[in-house]
Colleague: 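The structure follows.
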Amino acid sequence: LMRAAKRGVQCRVLLDDVGSREFLRGPLAKRLRGAGVEVQGALPVGLLRVLFARLDLRLHRKIVVIDHRLGYTGSLNLVDPRYFKTSSHVGEWVDAMVRVEGPAVEWLGAIFAADWDMETRRGSEAIALATSQNTIRTPLAEMPHSAVVQVIPTGPLTAPTAAQEILLTALYAARHELIMTTPYFVPDDALLMALVSAARRGVAVTLIVPAKVDSRLVRWASQAHKDDLLASGVRVALFEGGLLHTKSVTIDGHLSLFGSLNLDPRSLKLNFEITMAMYDTAFTAELRRLQQSYLLDSQEMSLAQVQQRPYVQRLGYNMSRLLTPLL
């Protein structure tokens, strides 16, 4: 970033204030600003802000836009996975990103511009960010592969339930196969019913989640929900190669959902998230291969195994389930 700024590139970095608090107040952010990189915290918290703003909203999007012609999005935070949250003893975080060219990049840029304006109140500058005329866009005819892509931002300032509605619609539309990966699986009643319904009508439903997560309460609540899934015929696999952080859905080999959205109430209803719907068999096949590689490093759960849990353990899981709306 500093080298890019030195050669005249306009660099802007927008970081969630809570998740990046230590960095934003540390020497590295100061070095970046000194080198000409604009570094901005988003959704700051503090005692005075309690009177004027909600403190439970987080910027969870992961977006990179380069010269308005190249974009990246997915689940990867700007951290080194080898050293991130090592004290939680969950292993290395496992993520995936997608590289995008074409019109979808302009939507990613517009979403970043809106988030930037929300924090800086520099509206005209944000518009220039989203509609720069000094960039070269790659013609669709020159791209090696084109696909229909839908960029879906969610959050309190846009359509807060858009991603949830599209997800549920896709689940109910599944006819043959449904594969999902998520680090935090704490479904509400609507999502749980959609998965159970899919399995009971003969869809091969597979849910891949990490064997260990960095939140004990989330892990317990998640275990309680898996009982219902296993009983209905859903295949539940526990990934043992680290904390599986990739958020992905593939449906019937031709539709994919990919981005930053976790399958929990906070992601579905509160956080600022970004999801891409890919209506494309080639991309879906590639994403499905990635999901299958996760399965090779996973241990499948069984209903008998769940039913043999000690009573006290089952009680703890079910009590944690009561807190689902708060997680």
Side-chain angles (χ1 to χ4, degrees), residues 60 75 152 154 160-213 215-239 244-252 255-271 273 275 277 291 294-295 298 300-307 309 313-327:
H60 198 235
S75 65
I152 311 164
T154 53
T161 62
Q164 184 181 26
E165 292 169 7
I166 289 175
L167 173 62
L168 291 175
T169 300
L171 297 185
Y172 280 111
R175 291 294 176 266
H176 307 292
E177 181 187 69
L178 169 62
I179 306 175
M180 313 177 76
T181 70
T182 182
Y184 308 113
F185 180 72
V186 188
D188 59 10
D189 290 342
L191 177 56
L192 189 63
M193 183 178 296
L195 290 171
V196 169
S197 173
R200 287 178 174 167
R201 67 174 181 268
V203 177
V205 181
T206 301
L207 173 67
I208 312 171
V209 295
K212 297 179 181 179
V213 295
S215 170
R216 180 176 297 179
L217 188 58
V218 169
R219 182 168 70 248
W220 285 14
S222 178
Q223 291 292 348
H225 290 290
K226 290 168 188 169
D227 296 5
D228 296 333
L229 297 180
L230 290 167
S232 66
V234 174
R235 181 185 183 191
V236 179
L238 304 179
F239 180 77
L244 179 60
H245 197 240
T246 301
K247 304 95 169 19
S248 67
V249 182
T250 58
I251 300 169
D252 291 346
L255 169 63
S256 306
L257 299 175
F258 184 85
S260 68
L261 190 74
N262 294 315
L263 299 182
D264 62 26
R266 176 166 295 280
S267 274
L268 289 167
K269 298 175 182 177
L270 288 177
N271 287 344
E273 304 280 3
T275 301
Q291 293 173 326
Y294 295 152
L295 267 177
S298 300
E300 191 169 339
M301 295 183 69
S302 69
L303 183 58
Q305 174 188 356
V306 168
Q307 292 173 339
R309 289 171 179 161
Q313 188 179 54
R314 295 201 308 271
L315 180 62
Y317 289 160
N318 289 328
M319 290 181 65
S320 300
R321 185 173 181 170
L322 296 175
L323 300 177
T324 292
L326 304 178
L327 297 178

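The model shown is predicted, which means the values in this text are computed figures rather than measured ones.
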Colleague: Carefully, step by step, assess L195 and L207 under the rule side-chain contact (heavy atoms from CB on, under 4.5 Å).
Modeller: CA-CA 10 Å; L195 290 171; L207 173 67; 5.7 Å; no
Colleague: Using only heavy-atom distances, determine whether the side chains of E273 and S260 contain a donor-acceptor pair under 3.5 Å.
Modeller: yes
Colleague: Sequence neighbours left out, what passes side-chain contact (heavy atoms from CB on, under 4.5 Å) with A190? Give chain and number order.
Modeller: L168, D188
Colleague: Would you name the heavy atoms of L171 and A194 that are closest together and state the gap between them?
Modeller: CD1-CB, 3.9 Å
Colleague: Working to the nearest 0.5 angstrom, can you tell me the gap between I251 CD1 and M180 CE?
Modeller: 7.5 Å
Colleague: Scan residues 169-179 for pairs that pass side-chain hydrogen bond (donor to acceptor under 3.5 Å, both in side chains), counting only residues two or more places apart or in two chains.
Modeller: E177-R288
Colleague: Taking side-chain hydrogen bond (donor to acceptor under 3.5 Å, both in side chains) as the definition, give me every residue that meets it alongside S248, ordered by chain and number, with sequence neighbours left out.
Modeller: T181, Q291
Colleague: Taking all atoms of both residues into account, what is the closest heavy-atom pair of T182 and P210, and its distance?
Modeller: O-CD, 3.4 Å
Colleague: Measuring only between side-chain heavy atoms, which start at C-beta, is L270 closer than 4.5 Å to P265?
Modeller: no
Colleague: Kindly write out the residues that satisfy side-chain contact (heavy atoms from CB on, under 4.5 Å) with A277, not counting sequence neighbours, or none if the list is empty.
Modeller: Q150, I152, L257, Y279
Colleague: Within the structure provided, determine whether L229 and F185 are in side-chain contact (heavy-atom separation under 4.5 Å).
Modeller: yes
Colleague: Do P187 and L263 have side-chain heavy atoms sitting under 4.5 Å apart?
Modeller: no
Colleague: Quick one: are I208 and L244 in side-chain contact, heavy atoms under 4.5 Å?
Modeller: yes
Colleague: Looking at CG of N271 and CZ of R266, how far apart are the two atoms once the value is rounded to the nearest 0.5 Å?
Modeller: 5.5 Å
Colleague: Say you draw a straight line from CD of E300 to CG of L230; how long is it, rounded to the nearest 0.5 Å?
Modeller: 8.5 Å
Colleague: Can you sort out the partners of T275 under side-chain hydrogen bond (donor to acceptor under 3.5 Å, both in side chains), two or more places apart, ordered by chain and number?
Modeller: none
Colleague: Any side-chain heavy atom of L178 sitting closer than 4.5 Å to one from T206?
Modeller: no
Colleague: Could you list the residues that satisfy side-chain hydrogen bond (donor to acceptor under 3.5 Å, both in side chains) with S256, not counting sequence neighbours?
Modeller: T284
Colleague: Apply side-chain contact (heavy atoms from CB on, under 4.5 Å) to residues V209 and L238 and explain how you reach the verdict.
Modeller: CA-CA 5 Å; V209 295; L238 304 179; 3.7 Å; yes
Colleague: If the condition is side-chain contact (heavy atoms from CB on, under 4.5 Å), which residues does S232 pass it with, not counting sequence neighbours?
Modeller: V196, A199, R200, V234
Colleague: Return the set of residues passing ring pair (Phe, Tyr, Trp, His ring centres under 6.0 Å) with F258 (not counting sequence neighbours), or none when no residue passes.
Modeller: none
Colleague: Between Y294 and F239, which heavy-atom pair has the shortest distance, and what is it?
Modeller: O-CD1, 3.4 Å
Colleague: What's the shortest heavy-atom distance between A174 and R201, and which atoms?
Modeller: O-NH2, 3.0 Å
Colleague: Mind checking the NE2-OG spacing from H60 to S75? Nearest 0.5 Å is all I need.
Modeller: 9.0 Å
